[in-house]
Each structure stands twice: as structure tokens, then as C-alpha cells.
Number of protein chains: 2
Amino acid sequence: MAEWGERLAGVRGVLLDISGVLYDGDAGGGTPISGSVEAVARLKRSHLKVRFCTNESQKSRGKLVGRLRQLGFDICEEEVTAPAPAACQILKEQGLRPHLLIHDEVRSEFDQIDTSNPNCVVIGDAGEAFSYQNMNKAFQVLMELEKPVLISLGRGRYYKETSGLMLDVGGYMKALEYACGIKAEVVGKPSPEFFKSALRAIGVEAPQAR
Amino acid sequence: MAEWGERLAGVRGVLLDISGVLYDGDAGGGTPISGSVEAVARLKRSHLKVRFCTNESQKSRGKLVGRLRQLGFDICEEEVTAPAPAACQILKEQGLRPHLLIHDEVRSEFDQIDTSNPNCVVIGDAGEAFSYQNMNKAFQVLMELEKPVLISLGRGRYYKETSGLMLDVGGYMKALEYACGIKAEVVGKPSPEFFKSALRAIGVEAPQAR
């Protein structure tokens with residue numbers, strides 16, 4: 001314990017990933033990773049501030065938190081930093097109207113966003129919705145723009161489900177980047193801005209966080 | 001004409017692209033590009049050797065040539081250099097057994113290839129077959145290999161159909177490269193080896209070709 005005490009000297013806050021750290025997702029709802037429910041509970045009982053920081057873009061925060069609570073985690077929606085709401089803020093700030101290539105389960109995060117006459121594309125981990133037709137539509141929207149803007153909710157290569165490895169959004173982001181000759185703006189980890197916004201939410205500076 | 005005479009001085013052979021040069025493809029069978037049927041006929045009547053060099057990987061050479069002949073082109077299967085047969089040669093030489101992520105219409109080119117217990121992936125312009133499920137399967141095959149080998153039939157960004165721009169194989173190649181952390185071997189244009197094989201087929205050296 002002394003060792004942990006030393007390692008935590010000066011630490012005021014902790015950012016926790018969710019997928020692959022707290023639980024492994026699958027079609028049925030996922031399984032907690034051994035010890036993680038109790039670890040979150042202990043952190044919450046400690047003096048440390050806790051923020052959940054995820055690249056999950058297959059579910060809205062509401063659905064994600066609902067699932068985690070069912071699995072026994074002490075977590076609420078307001079404690080989660082996720083790419084979709086971060087992207088919504090950028091869209092509003094920059095007057096962007098997205099064409100959305102995202103998972104149906106995350107669509108509700110964009111309810112307040114104007115998607116008429118799109119002037120950018122937002123791509124998330126769309127799973128089965130990454131059909132050729134949907135990818136081609138996103139590509140065509142980008143190619144018709146004078147200055148194509150592609151916003152990607154994370155840039156993960158793949159993730160693990162209990163059934164095996166699954167392609168994440170990153171590859172599809174690369175496909176559109178290559179086809180259109182552009183560079184995507186990544187919202188989510190590992191973007192420093194994303195981590196900073198998570199820390200701002202708990203009022204902790206980067207050197208005081210783990 | 002004198003000008004053309006000068007430009008062709010020393011030229012013994014001509015490599016002709018097909019899609020976007022001889023014709024624009026579409027679901028209905030495509031349309032010849034103005035003047036191209038007569039241009040091929042004139043080249044064939046000239047002293048020049050002619051080879052058709054295409055990255056078409058949505059159709060077998062048989063089907064492609066059949067369609068072009070219907071459109072009025074003087075062309076036969078033996079005059080066409082295409083990525084699928086070139087890939088088959090590499091597969092045989094290197095003892096590779098591919099998992100095929102290709103268009104159904106080009107599958108017959110691989111009839112003589114052993115696809116059991118795959119030790120590589122061949123990706124072509126699969127069109128609608130670029131589903132998430134099919135991409136994920138190709139990804140999983142690669143990730144299970146100790147030394148993943150990805151062969152791509154061309155690396156085109158997009159092509160034009162009469163209905164609009166369409167994503168080509170290149171983006172999907174990039175997606176798998178990124179997700180697996182590997183580099184694909186490209187068979188087809190612009191690989192120098194591909195052009196050389198086309199020239200070998202008509203016995204013409206590179207400086208003598210246009």
C-alpha cells in the first residue's frame with residue numbers, strides 16, 4: 001500500500017477507459033473485467049476525482065451507462081466524456097451540418113444538430129452500417145464539398161469482443177482520407193484536446209491526473 | 001499528321017487503359033467514350049502492337065472482353081493484362097492460399113487457386129461485397145496469420161460510373177493496412193512490374209512504348 005501511496009502522491013484525479021478496461025462488450029451486453037466493479041467503487045470512496053473517458057461511438061452515453069449500471073458499476077451519464085458529444089460541440093462552434101455515418105444506437109446524441117444540406121461528414125464506429133453503399137454516400141458527400149471536412153469519432157484500429165477482434169472506425173476513416181485525399185479531424189482519444197476536456201470536467205490539471 | 005509521326009518515332013507498341021479511356025462503365029454495361037472504338041480499330045490496322053492494360057477487378061477478363069466486343073471494340077481476352085491473373089501467378093509462385101475479398105464476377109479467375117486454410121488475403125474492387133462482415137472476416141484472417149500478407153488488385157481511389165463517383169479498392173486496402181499494421185502488395189497499375197508484364201506480352205521494351 002505504501003508503494004501505491006507513493007505512486008499516487010500529488011494525484012487528484014483519475015481518467016478511466018471503459019471498453020476493454022471496465023468491461024468487454026458483446027452483442028449480449030458485455031461482461032465486467034474481473035475486479036473492475038470493485039475498483040470503481042473504491043476510487044469513488046477515495047479522495048480522487050473520477051472521470052470516464054471512452055471512445056465508444058456505438059452507443060449513446062445513456063445506453064452505455066445503463067448497460068454499465070446493470071453490470072454493477074457506480075457510474076452516471078454526467079461522468080462520461082465521449083466523442084459524440086464532443087463532436088456536437090465542434091459542429092455547433094464551427095457551423096457544420098454533418099452527414100452522419102454512425103451507429104444507429106448513437107444517433108440520439110446528434111438530435112439537436114442540423115443535418116440538412118451537409119457541409120461535412122462525421123464518421124463513428126458504425127459496425128454493420130459500414131456497408132459499401134453507406135461508405136460511398138459519405139465519400140460522395142465529401143467529394144462534392146469545395147473544402148471537405150471529415151470528423152472521426154476516434155481512430156481505433158480494432159476492438160475485442162467476446163466473439164473476436166472487430167474492425168473499429170480508424171480503418172474506415174483511413175479509407176475516406178485516402179479516397180478523398182484529405183486528413184480527418186479526430187475527436188476522441190488520443191487527441192490531447194479530448195483528454196483536456198475530460199480533465200476540465202473534474203477540475204484537475206494534467207500533472208495531477210492518472 | 002507530321003506532328004504525330006514525330007511523336008511516334010521509335011514507338012513500337014501502345015498500352016491502352018480500358019475503364020475511363022475506352023468506356024465508362026455502369027450497371028447497364030457501359031458506354032464507349034467518343035472516338036475510342038475507331039481509335040482502337042486504327043491502332044490495330046497500324047504497325048503498332050497493342051495491349052490492353054486494366055485495373056478492372058470487378059469482372060473476369062472473359063466478361064470484360066465480352067462487354068467491350070458488344071460495344072464494338074476489336075479486342076480479345078488474350079490481349080488483356082489484368083490484376084487478377086497477375087495475382088494468380090504470384091499466389092502460385094509463392095505457395096499462397098488466399099482468402100478472397102473480391103467481386104463475384106471476377107471469382108472465376110481464381111478457379112485454379114487453392115483457397116483452403118488461407119495464408120493470405122486478396123482484395124479487389126468488391127463493390128457491394130465490401131460489407132462490414134466481409135471486411136471484418138478479411139481482417140480476422142490477416143490478424144490470425146503470423147506474417148500477414150495482403151495482396152491488393154490495384155490501389156485506385158475511385159472511379160467514375162455514369163451514376164457518379166464510386167469508391168475503388170484503394171480505400172479498403174488502406175483500411176486493412178491500418179487495422180492490421182501492415183503494407184499491402186499492389187498488383188496492377190501503377191506497379192512497374194505490372195506494366196513490364198504487359199510489355200513482355202507484346203515483346204516491346206519500355207522506351208518503345210506509349
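Letters A, B, ... mirror the listed sequences (proteins, then strands); counts begin at 1. From a predicted model like this one, the values you see are computed outputs, not experimental measurements.
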**OP:** Just give me the residue among A:Gly170, A:Gly156, A:Ser131, A:Gly127 that pairs up with chain B most often, heavy atom to heavy atom, under 4.5 Å.
**Re:** A:Gly127

Original post:
If you draw a 6.0 Å radius around CZ in B:Arg51, do more than 12 non-hydrogen atoms from other residues or ligands fall strictly inside?
Top reply: yes

Original post:
Is the count of non-hydrogen atoms from other residues, nucleotides or ligands lying under 6.0 Å from B:Lys160 atom NZ greater than 12?
Top reply: no

**OP:** Look at atom CD of A:Gln133 and say whether more than 12 heavy atoms of other residues, nucleotides or ligands are closer to it than 6.0 Å.
**Re:** no

**OP:** To the nearest 0.5 Å, tell me how far B:Gln140 CD sits from A:Tyr158 OH.
**Re:** 12.0 Å

Original post:
Got more than 12 heavy atoms from elsewhere within 6.0 Å of CD, B:Glu205?
Top reply: no

Original post:
Would you call the rings of B:Tyr172 and A:Tyr172 parallel, tilted or perpendicular, where under 30° means parallel and over 60° means perpendicular?
Top reply: perpendicular

Original post:
For the candidates A:Arg157, A:Arg155, A:Lys174, which exhibits the highest count of non-hydrogen atom pairs separated by less than 4.5 Å from chain B?
Top reply: A:Arg157

Original post:
So which residues of residues 176-186 of chain B are in contact with chain A at a heavy-atom cut-off of under 4.5 Å?
Top reply: B:Tyr178, B:Ala179, B:Cys180, B:Gly181

Subject >> Part of B:Glu128 lying under 4.5 Å from any heavy atom of chain A >> reply: both

**OP:** Could you tell me the separation between the OH atom of B:Tyr132 and the CG atom of A:Leu167, rounded to the nearest 0.5 Å?
**Re:** 5.0 Å

Original post:
Which atom pair, heavy atoms only, marks the closest approach of A:Ala175 to B:Gly171?
Top reply: CB-O, 3.2 Å

**OP:** Can you check whether anything in residues 87-107 of chain A gets within less than 4.5 Å of chain B, heavy-atom wise, and list it by number?
**Re:** none

Original post:
Is chain A contacted by the side chain of B:Met143, its backbone, both, or neither, given a heavy-atom distance below 4.5 Å?
Top reply: side chain

